[in-house]
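This report concerns only the one structure given below.
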Amino acid sequence: APEVPPVEPPDVTPPGEPPAEPPVVVEPPQVDGGWLARELKPDAITVPAGGDVAAAIATGKDVVLKGDHAGNIALKPGQQVRSDPDGPRRKVGHVTMANDSQVVGVESPGIAASNVTGFLIEDCKGIRNFKTYPLSFSNAKGTVSRGIAIDAPPGMHGMHVAGEESDILVIETLFDNNGRGVKTITDANGVQSEQWDFHPNAYVHLGRATFRRCLISNGGHQAVRPGGVLVFEHSLLYANPIQITLNNSGSKAIGNVLLNANDRRTSELGWPIGSDWRTDGQVISDNVIANPESKTQIPGIRVDTTRALPIIEGNRVFVHRNQAGHPYTLNGAAHDFGATNKATRDRLNHGVDVAALIKRERERPHGAWHGGINAARIEIEAAAIEALP
């Protein structure tokens, strides 16, 4: 059969006007995944202020809190305990998770999970506490979503992960001002003095933790101290003495923005990304590293290894012009990891007020979400691409 030519659509442009341009298709930015907590079960128990919370928890049914609860809470498997969606976060004692349990919208001095799986901790707030970590996991597998872990004192972290079986996914969560401050020291003669003490915002001692679209800021030492496998995806790290350290195979830093690394602790700190020890299988790609505040010659990405190199590609480093250090180093010397990695001595002017964003996240009310962390990261990344194409 003869080939039939395609039929062109008729030109409906009014006379005297230029032809209409086709619509521009814009890929939407990466957006948050929404709330993860399931709906309450039909037989959920609502506990009024002053009610018997312990008795309600003991039933194993879902529980809605309309008042604060001074006692500790140990959830049953599959149970959800949450603050009334129409009220503020309710203050409770320590919370212990169970398999497939969920705690939503509470303020607690410590939420812990040990040898359990499938749990969810969402929209919860952990604040200054001298006895436990706001978040603590051991051989546990679960998710932390849209949390707030702030102001853990010296000697503590905002989150502690132990146990080789641990696998924690942390989404859109703020870690701020953990592990820094003054502690009292008593010498052998009983004389007390005060000294600054510095600890990381979080510590993954063993196991694996993934930080996705998180904001990790103002830590006393590392943003996250490694021991296990760390994965950072599309997160914003700000003003930590050490922003990211990867030291295990399988660790990754992909699509993050790292700003204002500083050396408030010692002169040897202030680096944005470090890779060492088990570097084979690591990935460092598409990160923006800008405006370090270190007084020393700290590179944007430093690799120290005798093993196979990590995959390092698509990174942009903005090193302050008064620093003479190299943007990329391998075993202490300048190194070219490939043409896709770019660098400049200029600062990055991104126009984002990160301090205001941190304040807003710290004060975020129960049930409120504005997507500010990821929006800020996208805006800074766009400024970096424009400044360093």
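- Between Asp304 and Arg302 there is a salt bridge, since at least one side-chain N of the basic residue sits less than 4.0 Å from a carboxylate O of the acidic one.
- Pairing each heavy atom of Ala98 with each of Leu75, the nearest pair is CB-O, 3.3 Å.
- Of the residues Leu330, Thr329, Ile273, the one that meets the side-chain contact (heavy atoms from CB on, under 4.5 Å) test with Ile301 is Ile273.
- Residues Asn256 and Asn287 have side chains that bring a donor and an acceptor to within less than 3.5 angstrom of each other.
- Judged by distance alone, the side chain of Thr173 and the main-chain N or O of Ile171 form a donor-acceptor pair under 3.5 Å.
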Yes or no on side-chain contact (heavy atoms from CB on, under 4.5 Å) for Met97 and Ile111, after CA distance, side-chain angles and deciding distance?
CA-CA 7 Å; Met97 307 300 294; Ile111 302 176; 4.0 Å; yes
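- Using modelled atom types, no side-chain atom of Asp68 and backbone atom of Val92 make a donor-acceptor pair closer than 3.5 Å.
- Taking the centre and axis of the six-membered ring of Tyr203, the NZ or CZ atom of Arg225 falls inside the cone set by 45° and 6.0 Å.
- A salt bridge links Asp62 to Arg38: one of the charged nitrogens lies within less than 4.0 Å of a carboxylate oxygen.
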Go through it in stages, so that I can follow the logic: the residues are Val224 and Gln222, the test is side-chain contact (heavy atoms from CB on, under 4.5 Å), and I'd like the CA-CA distance, side-chain angles, deciding distance and then a yes or no.
CA-CA 5 Å; Val224 181; Gln222 292 143 310; 5.9 Å; no
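- Taking the six-membered ring wherever Trp is involved, the centroid distance between the rings of Phe337 and His335 falls below 6.0 Å.
- Ionic pairing of Asp123 and Arg146 is not present here: no N-O contact between side-chain nitrogen and carboxylate oxygen is shorter than 4.0 angstrom.
- No donor-acceptor contact under 3.5 angstrom links the side chains of Asn247 and Asp276, judged on distance only.
- With sequence neighbours left out, the salt bridge (charged side-chain N to carboxylate O under 4.0 Å, His left out) criterion links Asp52 to no other residue.
- Side-chain contact of Ser285 with Glu313: a donor-acceptor pair under 3.5 Å is absent, judged by distance alone.
- Using modelled atom types, one finds no donor on one side chain facing an acceptor on the other under 3.5 Å when comparing Asn139 with Ser166.
- Relative ring orientation between Phe232 and Phe211 is described as parallel, the plane-to-plane angle staying below 30° on a 0-90° scale split at 30° and 60°.
- Asn201 and Asn240 share a side-chain donor-acceptor pair at under 3.5 Å.
- Side chains of Asn374 and Arg213: a donor-acceptor N/O pair is absent below 3.5 angstrom, by distance only.
- Grouping the Ile, Leu, Val, Met, Phe, Trp and Tyr side chains by contacts below 4.5 angstrom, directly or via other members, places Ile358 with Leu259.
- Using a 4.0 Å cut-off between charged side-chain N and carboxylate O, Asp176 and Arg362 make a salt bridge.
- Looking at Asp84 and Lys66, a side-chain N of the basic residue comes within less than 4.0 Å of a carboxylate O on the acidic one, giving a salt bridge.
- Side-chain atoms of His370 and Glu361 form a donor-acceptor pair, as typed in the model, at a separation below 3.5 Å.
- Between the His326 side chain and the Tyr328 main chain, no donor and acceptor come within less than 3.5 Å of each other.
- Using cut-offs of 30° and 60° on the angle between ring planes, the pair His157 and Tyr133 is parallel.
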